[in-house]
Amino acid sequence: MKYVVCLCLTFFLFLKTSWFQENKAIIVYGSDTCHYCMETKAYLKEKKVDFIYFDVDVNLEKQQEMLIKLQKAKISIETLTLPVIDKRGELFTNGEDFEAFLKRITK
């Protein structure tokens with residue numbers, strides 16, 4: 001019985017932590033082959049901003065999640081550029097001005 005209670009508590013804490021991380025942190029959907037994605041990660045680390053990074057080239061589940069979020073936000077995927085940022089429900093992508101894009105993440 002103690003084992004079951006311990007297992008249930010561990011599972012609950014895992015779910016709570018996962019939910020907290022994904023709802024409080026900035027989510028970066030990118031690719032390890034994208035220099036803008038790598039620069040975005042480096043910028044966020046330098047600014048000590050908590051974020052979660054998903055490589056959508058290898059994590060197809062997160063790729064699908066990103067596409068669904070973009071669809072719901074009415075952001076066209078035809079001209080999609082990486083990285084895609086989910087800042088507590090606000091979605092945006094890198095445009096022509098990369099410096100402005102980085103500042104938008106941290107403001």
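Being a predicted model, the structure only gives us computed values, none of them experimental.
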Of all pairs that satisfy ring pair (Phe, Tyr, Trp, His ring centres under 6.0 Å), the ones with a partner from residues 56-76, not counting sequence neighbours: none

Side chain to side chain contact (heavy atoms under 4.5 Å, CB included) assessment of V28 paired with I85: CA-CA 5 Å; V28 179; I85 303 297; 3.8 Å; yes

From CA spacing to verdict: side chain to side chain contact (heavy atoms under 4.5 Å, CB included), F54, I27: CA-CA 8 Å; F54 296 113; I27 300 173; 3.7 Å; yes

Residue pairs fulfilling ring pair (Phe, Tyr, Trp, His ring centres under 6.0 Å) with at least one residue in residues 78-99, sequence neighbours excluded: Y36-F98, F92-F101, F98-F101

Atom pair CG (D86) and CD (E65), whose distance is rounded to the nearest 0.5 Å: 8.0 Å

Sequence-distant partners of T81, side chain to side chain donor-acceptor pair (under 3.5 Å), two or more places apart: none

Set of residues satisfying side-chain contact (heavy atoms from CB on, under 4.5 Å) with respect to L80, sequence neighbours excluded: M66, L70, V84, T93

Where at least one partner belongs to residues 96-107, residue pairs that pass salt bridge (charged side-chain N to carboxylate O under 4.0 Å, His left out), sequence neighbours excluded: E90-R104

Taking every non-hydrogen atom, the tightest pair across C37 and G30: SG-CA, 3.5 Å

Residues forming a side chain to side chain donor-acceptor pair (under 3.5 Å) with T79, sequence neighbours excluded: none

From I105 atom CD1 to I26 atom CD1, the distance as rounded to the nearest 0.5 Å: 6.5 Å

Contact check, side chains of T33 and D55, non-hydrogen atoms, under 4.5 Å: no

Contacts of Q71 that satisfy side-chain contact (heavy atoms from CB on, under 4.5 Å) - sequence neighbours left out: none

Sub-4.5 Å side-chain heavy-atom contact between I77 and L67: yes

Side chain to side chain donor-acceptor pair (under 3.5 Å) partners of D57, counting only residues at least two apart: S31

With K41 via side-chain contact (heavy atoms from CB on, under 4.5 Å) - residues at least two apart: D32, M38, F51, Y53

Interatomic distance, L102 atom CG to L44 atom CG [nearest 0.5 angstrom]: 7.5 Å

Atom pair NZ (K69) and OH (Y29), whose distance is rounded to the nearest 0.5 Å: 3.0 Å

Separation between CG of N94 and OG1 of T40, rounded to the nearest 0.5 Å: 6.5 Å

Qualifying residues under side-chain contact (heavy atoms from CB on, under 4.5 Å), relative to I68, sequence neighbours excluded: Q64, K72

